[in-house]
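The chains referred to below are lettered A, B, ... by the order of the sequence lines, with proteins before strands, and numbering in each begins at 1. When reading the values below, keep in mind they use all heavy atoms of this one structure, side chains included, and skip hydrogens, waters and symmetry mates.
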Protein chains: 2
Amino acid sequence: MKDYESLLKAHGLKNTFQRVSIIKAIDKAGHISIDDIYKEIVVYHPSISLATVYKNILTMKELGLVVEVPIANAKSKYELIKNDHIHFICQKCGSVEDKPITAKIQHFFEELVAHDAFKLLSTQNNLYGMCHHCHAS
Amino acid sequence: MKDYESLLKAHGLKNTFQRVSIIKAIDKAGHISIDDIYKEIVVYHPSISLATVYKNILTMKELGLVVEVPIANAKSKYELIKNDHIHFICQKCGSVEDKPITAKIQHFFEELVAHDAFKLLSTQNNLYGMCHHCHAS
DNA sequence: ATAATTGCAAATTTTTTGCAGGTTC
DNA sequence: GAACCTGCAAAAAATTTGCAATTAT
């Protein structure tokens, strides 16, 4: 991802410095909490308000630009919209990594929901444990 | 589940009316928010305090008796500990249903983490969409 | 009897809101 | 210039804490 301005425009949002900063922070981190988005931006743009981050995350979520990743025993993180995937969540350091979902699994999910007449829209698959790095230390 | 007293004892917790009520509410609902646990108990035990529910959910979570089910765009719900499974989450009515995870999926996850030297402890798989009932109406 | 647990009230933290001034298109 | 956005401060909501009284073992 690079052209954040177009991304905003495509979703009917005005192009502000604050918004570009928010998207940039999410894109850079991959997965990041609201608080951490704010902390990152405030360094180089001290006048930004936390309320602005909250408002924009809400808007971007509603427009489907950003997706909330709720995490057990932690605050939600946010990611830019992407295809369904699997999260490796380290319970020690809190890191979140994406892994591709295979067609096989996708298919399995589709079979599962079909059986129940559940209309599937998206999936979130969190694998909790310890990342390589934390496990080694 | 039926013998809530033994469940508490097994986790080293004293057997109080409040705790049994909390576990009973979770067991009955399957998945329920802290607020709703409180609302359900206060009807027949008006002196219970919301703080007690909070404190106990925290304790039970730490002891592994109860598991937090974080949900995108909603408050976390709680369930009694059980084997890993899949959640069907209706984005209209908020209902959560459990579906068994198959050996196929388990196996897929295990292969995936092995490849990354990630130490897998548990999984949470949320399928978001619309349940049969809401979809029909 | 002892240690744990509860309920209350207050404190803290998190999130939302209203609005005046500023900015984008 | 119109509609949209921002920052601030205040409000509301959610969660945690301290402590005296109560309860379980």
Closest to the 5' end of DNA chain D, once A:A51 and B:F17 are matched to their nearest nucleotides, is A:A51
Distance col, row A:N56:CG vs A:T59:OG1, nearest 0.5 angstrom, shows 5.5 Å
What's B:T52 touching, base or sugar-phosphate or nothing? Going by heavy atoms closer than 4.0 Å. base
Please confirm whether the backbone N or O of B:L8 pairs with a side-chain atom of B:R19, one donor and one acceptor, at under 3.5 Å? no
Distance test, side-chain N/O of A:S47 to OP1/OP2 of D:dG7, below 4.0 Å: yes
Does B:I34 reach a base, just sugar-phosphate, or nothing at all? Heavy atoms under 4.0 Å. nothing
When the distance from NZ of B:K55 to P of D:dA14 is rounded to whole Å, what number comes out? 19 Å
Could you check how far OH of B:Y54 sits from C1' of C:dA11, rounded to whole Å? 15 Å
C:dG22 base / A:K14 side chain donor-acceptor hit below 3.5 Å: no
Check whether any side-chain N or O of B:N56 sits under 4.0 Å from OP1 or OP2 of C:dT6, and answer yes or no. yes
How long is the span from the CD atom in B:E97 to the SG atom in B:C90, to the nearest 0.5 Å? 10.0 Å
Expressed as a whole number of angstroms, how long is the span from A:K9:NZ to D:dC5:C1'? 16 Å
With heavy atoms under 4.0 Å as the rule, sort A:K75 into base, sugar-phosphate or nothing. sugar-phosphate
Mind checking if B:T16 touches a base, just sugar-phosphate, or nothing, with heavy atoms under 4.0 Å? sugar-phosphate
Just how far, in rounded Å, is P of D:dA9 from CD1 of A:I48? 16 Å
Exercise answer: donor-acceptor pairs, residues 114-124 of chain A side-chain atoms, under 3.5 Å, sequence neighbours excluded:
| unit_1 | atom_1 | unit_2 | atom_2 | d |
| --- | --- | --- | --- | --- |
| A:D116 | OD2 | B:K99 | NZ | 2.7 |
| A:T123 | OG1 | A:D84 | OD2 | 3.2 |
| A:T123 | OG1 | A:N125 | ND2 | 3.0 |
| A:Q124 | OE1 | B:Y128 | OH | 2.9 |
| A:Q124 | NE2 | A:E68 | O | 2.8 |

May I ask you to say what B:D35 touches in the nucleic acid, namely base, sugar-phosphate or nothing, with a heavy-atom cut-off under 4.0 Å? nothing
Roughly how many Å is it from CG in A:L8 to P in D:dC4, rounded to a whole number? 16 Å
Gap between atoms CG and P, on A:L50 and D:dA13 respectively (whole Å): 18 Å
Measure CD/B:Q18 against P/C:dG7 and give the value in whole Å, please. 4 Å
Identify each donor-acceptor pair in which a side-chain atom of residues 42-53 of chain B lies under 3.5 Å from a protein atom, sequence neighbours left out, and give them as a table.
| unit_1 | atom_1 | unit_2 | atom_2 | d |
| --- | --- | --- | --- | --- |
| B:S49 | OG | B:A51 | N | 3.0 |
| B:S49 | OG | B:T52 | N | 3.2 |

Rounded interatomic separation in angstrom, taking CD1 from B:I22 and C1' from C:dT5: 11 Å
